[in-house]
Novice: 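What follows is a structure written as structure tokens; I'll ask about it next.
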Amino acid sequence: MLTQFWLLTTASSVSKMGNAFLRLAVPLAILHVTGSPSAAILSVALENLPHLAGPVLGTLIDRFPRRTVFAASELSQAVLVVLLAGALEAERLGLVYVLLVGLGLGSVISNITSEFSLVPSLAPADAVGKAYSRYMFCVDSARFAGPMLGGLLIAVSSTRIALYADAATFVLTALVVLRLRVGRDSTPKTESFVQAFASGWCAFTRLPGIPRLTVSLGLYNLGAGSIATVLVAVGSDRWDWTPSFTGGVVSAGAIAGALGAAVGGRWERRSWSARILLWMAASCVCALPLLTGSSWLSVIGFVGMSFSAGAMNVATMAYRHHVIPDEFVGRVNTVVRSLIMGSIPASALILSRTATSESHLLMFLPAFLAILLALAVWRHPRLAPAVPHPPQDAPVADEAARS
């Protein structure tokens, strides 16, 4: 079973590295064609827009074998990325935006299926937290290499080649997952689609702490959700960053996120709620340098926010795994993710307006205020749920760091 876990983790890491090419190449290509930072940032909004359809997608995920769903989603994204490369070369911006929406749909399905079904099914029941820490450490480490390699690949070849490389990673991941022997996969359900959809929403509202976590993380993403892309646009347009330097900045954020995931399981005597509060507060502090308008201070703040987000992700994912029953994994997690990730398009739209402001303070002020509000919601004593303490697999960080 451990070999199966590492096969999935390795394949997912390669796929995430390829995705980094996409998230770097597309905004830069749109910026080159249009000369508009707002048009480049809009690409992020559209790619994340399908998260709003999460509850419907989650109901579908719970009705079919999840390994098959994941593989089909990865192969579909490979085809869409190839089409996206052609649309960018032809400068058909409308088609680019449509394809990004399709890629967003595939991303929602793949992420929910792998993170909340395949990963726990390949881990021992008493070591799911350790598995999440290892998985996120490897995936975020791949994101470190992705933007740097993507920036170099774009510089020495073309955006088209970078996107073809991304498509190849999707195919590789699908082939690997189809060979896995998943112990606890879902089977088709007999209840109607409408009944399954309704029961998923009902479970979401009744599970302890899940609604508050969703609201808090939704506000957090309203502020931090599009920071990386905004930095790419602002850095290229206002600070004269080269593609290689831009890729290095995004890579630095990714490796900081990986290190954050590696230490996210420390302080095992603290509740999951306390850990989430700690890292959300740290992210709020790290957002302050972005308000200065300084290129280098903004990079430092971005790296600090990435570290905090990596640590916070481990805590939130482990908590959700322990609270959400297996039969509702797809439905509840897609409801949570649709509301959390659904705020990223709004984040991109807001910051695309303020990023062009002459005021350095105003450029990232909405991001800081949204994170501060998220912290206040999570900290509010009347809203505090009975969040469980970590089980026996709590000390996950050191194990992940040695992997």
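Below, each value reflects all heavy atoms present in this structure, side chains not excepted, and no hydrogens, waters or symmetry copies.
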Novice: Donor-acceptor pair, Ser308 side chain versus Gly304 backbone, under 3.5 Å?
Specialist: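 Flag set: sc Ser308 to bb Gly304 pair under 3.5 Å.
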Novice: Using every non-hydrogen atom in the two residues, find where Arg275 and Ala315 come nearest and quote the distance to one decimal.
Specialist: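 For Arg275 versus Ala315, the nearest heavy atoms are CB-CB, 4.2 Å.
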Novice: Check whether any side-chain heavy atom of Leu75 lies under 4.5 Å from a side-chain heavy atom of Val79, and answer yes or no.
Specialist: no
Novice: If you round to the nearest 0.5 Å, how far is OH of Tyr319 from CD1 of Ile276?
Specialist: 8.0 Å
Novice: Can you tell me how far CG of Leu42 sits from OG of Ser226, rounded to the nearest 0.5 angstrom?
Specialist: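 Between atom OG of Ser226 and atom CG of Leu42 there are 11.5 Å.
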Novice: Can you sort out the partners of Thr316 under side-chain hydrogen bond (donor to acceptor under 3.5 Å, both in side chains), two or more places apart, ordered by chain and number?
Specialist: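 Counting only residues at least two positions away or on another chain, Thr316 forms no side-chain hydrogen bond (donor to acceptor under 3.5 Å, both in side chains).
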Novice: Are any side-chain N or O atoms of Ser12 and backbone N or O atoms of Thr9, one a donor and one an acceptor, separated by less than 3.5 Å?
Specialist: no
Novice: Check whether any side-chain heavy atom of Leu122 sits under 4.5 Å from a side-chain heavy atom of Tyr135, and report yes or no.
Specialist: no
Novice: Sequence neighbours left out, what passes side chain to side chain contact (heavy atoms under 4.5 Å, CB included) with Ala258? Give chain and number order.
Specialist: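 Checked Ala258 against side chain to side chain contact (heavy atoms under 4.5 Å, CB included); matches are Phe137, Asp140, Ser141, Ile255.
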Novice: Please answer whether the main-chain N or O of Ala196 pairs with a side-chain N or O of Arg331 as donor and acceptor at a distance below 3.5 Å.
Specialist: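 It does hold such a pair.
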Novice: Mind checking side-chain hydrogen bond (donor to acceptor under 3.5 Å, both in side chains) for Asn313 and listing every partner two or more places apart, or none if nothing turns up?
Specialist: none
Novice: Not counting sequence neighbours, which residues clear ring-ring contact (aromatic ring centres under 6.0 Å, His included) with Tyr164? List them please.
Specialist: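 Checked Tyr164 against ring-ring contact (aromatic ring centres under 6.0 Å, His included); zero matches.
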Novice: Centroid separation under 6.0 Å, is that true for the rings of Trp279 and Phe307?
Specialist: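 For Phe307 and Trp279, the ring centres are under 6.0 Å apart.
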Novice: For a 4.5 angstrom cut-off between non-hydrogen side-chain atoms, does Cys138 reach Thr10?
Specialist: no
Novice: If you apply the rule side chain to side chain contact (heavy atoms under 4.5 Å, CB included), what do you find for Ser15 with Glu74, and how did you get there?
Specialist: CA-CA 9 Å; Ser15 181; Glu74 292 291 289; 3.4 Å; yes
Novice: Only counting residues at least two apart or in another chain, list the ones meeting side chain to side chain contact (heavy atoms under 4.5 Å, CB included) with Leu375.
Specialist: Leu277, Met280, Ala281
Novice: Run the salt bridge (charged side-chain N to carboxylate O under 4.0 Å, His left out) test against Glu89 and tell me which residues pass, sequence neighbours left out.
Specialist: Arg160
Novice: Decide side chain to side chain contact (heavy atoms under 4.5 Å, CB included) for Ile350 and Leu222; before the verdict, give the C-alpha distance in whole Å, the side-chain angles of both, and the deciding distance to 0.1 Å.
Specialist: CA-CA 9 Å; Ile350 293 171; Leu222 185 63; 4.2 Å; yes
Novice: Identify the two heavy atoms, one from Leu93 and one from Thr34, that lie closest to each other, and give their separation to 0.1 Å.
Specialist: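 So the two residues come closest at CD2-CG2, 3.8 Å.
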Novice: Would you say that Leu207 contacts Pro325 through its side chain, given a criterion of any heavy-atom pair below 4.5 Å between the two side chains?
Specialist: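 Answer yes - side chains close enough.
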Novice: Taking side-chain hydrogen bond (donor to acceptor under 3.5 Å, both in side chains) as the test, write out the residues that go with Ser306, two or more places apart.
Specialist: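 Ser306 satisfies side-chain hydrogen bond (donor to acceptor under 3.5 Å, both in side chains) with no residue once adjacent residues are dropped.
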Novice: Using atom types as modelled and distance alone, determine if a side-chain donor or acceptor of Thr292 lies under 3.5 Å from a backbone N or O of Pro289.
Specialist: yes
Novice: Can you name the nearest heavy-atom pair linking Ser347 to Gly223, along with the distance?
Specialist: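 Answer, listing the atom of Ser347 first, then Gly223: OG-O, 4.0 Å.
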Novice: Could you give the distance from CG (Leu8) to OG (Ser13), rounded to the nearest 0.5 Å?
Specialist: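 Those atoms lie 9.0 Å apart.
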Novice: Would you say that Thr242 contacts Phe245 through its side chain, given a criterion of any heavy-atom pair below 4.5 Å between the two side chains?
Specialist: yes
Novice: Measuring only between side-chain heavy atoms, which start at C-beta, is Leu291 closer than 4.5 Å to Leu288?
Specialist: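 Yes - at least one pair of side-chain heavy atoms lies under 4.5 Å apart.
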Novice: Considering non-hydrogen atoms only, spot the tightest contact between Leu231 and Trp241 and give its length.
Specialist: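 Of all heavy-atom pairs spanning Leu231 and Trp241, the closest is O-CZ3, 3.5 Å.
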Novice: What ring pair (Phe, Tyr, Trp, His ring centres under 6.0 Å) pairs are there with at least one residue in residues 84-115, not counting sequence neighbours?
Specialist: none
Novice: In chain order, what residues pass the side-chain hydrogen bond (donor to acceptor under 3.5 Å, both in side chains) check against Ser294, with sequence neighbours excluded?
Specialist: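 Partners of Ser294 under the side-chain hydrogen bond (donor to acceptor under 3.5 Å, both in side chains) test: none.
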Novice: Calculate, to the nearest 0.5 Å, the distance between atoms CZ and CZ belonging to Arg67 and Arg179 respectively.
Specialist: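 Nearest 0.5 Å value for the CZ-CZ distance: 10.5 Å.
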Novice: Determine whether a donor-acceptor pair (N or O, by modelled atom type, separation under 3.5 Å) exists between the side chain of Ser43 and the backbone of Ala40.
Specialist: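 Yes.
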Novice: So, using side chain to side chain contact (heavy atoms under 4.5 Å, CB included) as the criterion, who are the partners of Ala228 when residues are at least two apart?
Specialist: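 Expected list: Phe302.
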Novice: Before giving the answer on side chain to side chain contact (heavy atoms under 4.5 Å, CB included), spell out for Asn333 and Glu115 the whole-Å C-alpha distance, their side-chain angles and the decisive distance to 0.1 Å.
Specialist: CA-CA 10 Å; Asn333 277 300; Glu115 293 173 7; over 6 Å; no
Novice: Hey, can you pull the donor-acceptor pairs under 3.5 Å for the side chains in residues 166-177, sequence neighbours left out?
Specialist:
| from | atom 1 | to | atom 2 | distance (Å) |
| --- | --- | --- | --- | --- |
| Asp166 | OD1 | Asn19 | N | 3.2 |
| Thr169 | OG1 | Asp166 | O | 2.5 |
| Thr173 | OG1 | Ala11 | O | 3.0 |
| Thr173 | OG1 | Thr169 | O | 2.9 |

Novice: Of all heavy-atom pairs between Leu219 and Ala374, which one has the smallest distance, and what is that distance?
Specialist: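 So the two residues come closest at CB-CB, 3.7 Å.
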Novice: To the closest 0.5 Å, what do you measure between CH2 (Trp239) and OG1 (Thr246)?
Specialist: 11.0 Å
Novice: Could you check whether any side-chain heavy atom of Val230 comes within less than 4.5 Å of a side-chain heavy atom of Phe364, counting everything from C-beta outward?
Specialist: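 Yes, at least one pair of side-chain atoms sits under 4.5 Å.
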Novice: Please list, chain by chain and in numerical order, all residues satisfying side chain to side chain contact (heavy atoms under 4.5 Å, CB included) with Ile109, sequence neighbours excluded.
Specialist: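 If we apply the side chain to side chain contact (heavy atoms under 4.5 Å, CB included) test to Ile109, skipping adjacent residues, the hits are Leu57, Ile61, Val69, Ser73, Thr113.
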Novice: If you round to the nearest 0.5 Å, how far is CD1 of Ile340 from CG of Asn221?
Specialist: 7.0 Å
Novice: Give the minimum heavy-atom separation between Leu100 and Leu84, together with the two atoms involved.
Specialist: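 Heavy-atom minimum between the residues: CD2-CD2, 4.1 Å.
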Novice: I'd like to know whether Ser110 forms a side-chain hydrogen bond (donor to acceptor under 3.5 Å, both in side chains) with Gln77, so could you lay out the CA-CA distance, the side-chain angles of the two residues, the decisive distance to 0.1 Å, and finally the verdict.
Specialist: CA-CA 10 Å; Ser110 292; Gln77 289 177 82; 3.1 Å; yes
Novice: Evaluate side chain to side chain contact (heavy atoms under 4.5 Å, CB included) for Leu88 paired with Leu163, printing each intermediate quantity in order.
Specialist: CA-CA 10 Å; Leu88 284 170; Leu163 293 178; 3.6 Å; yes
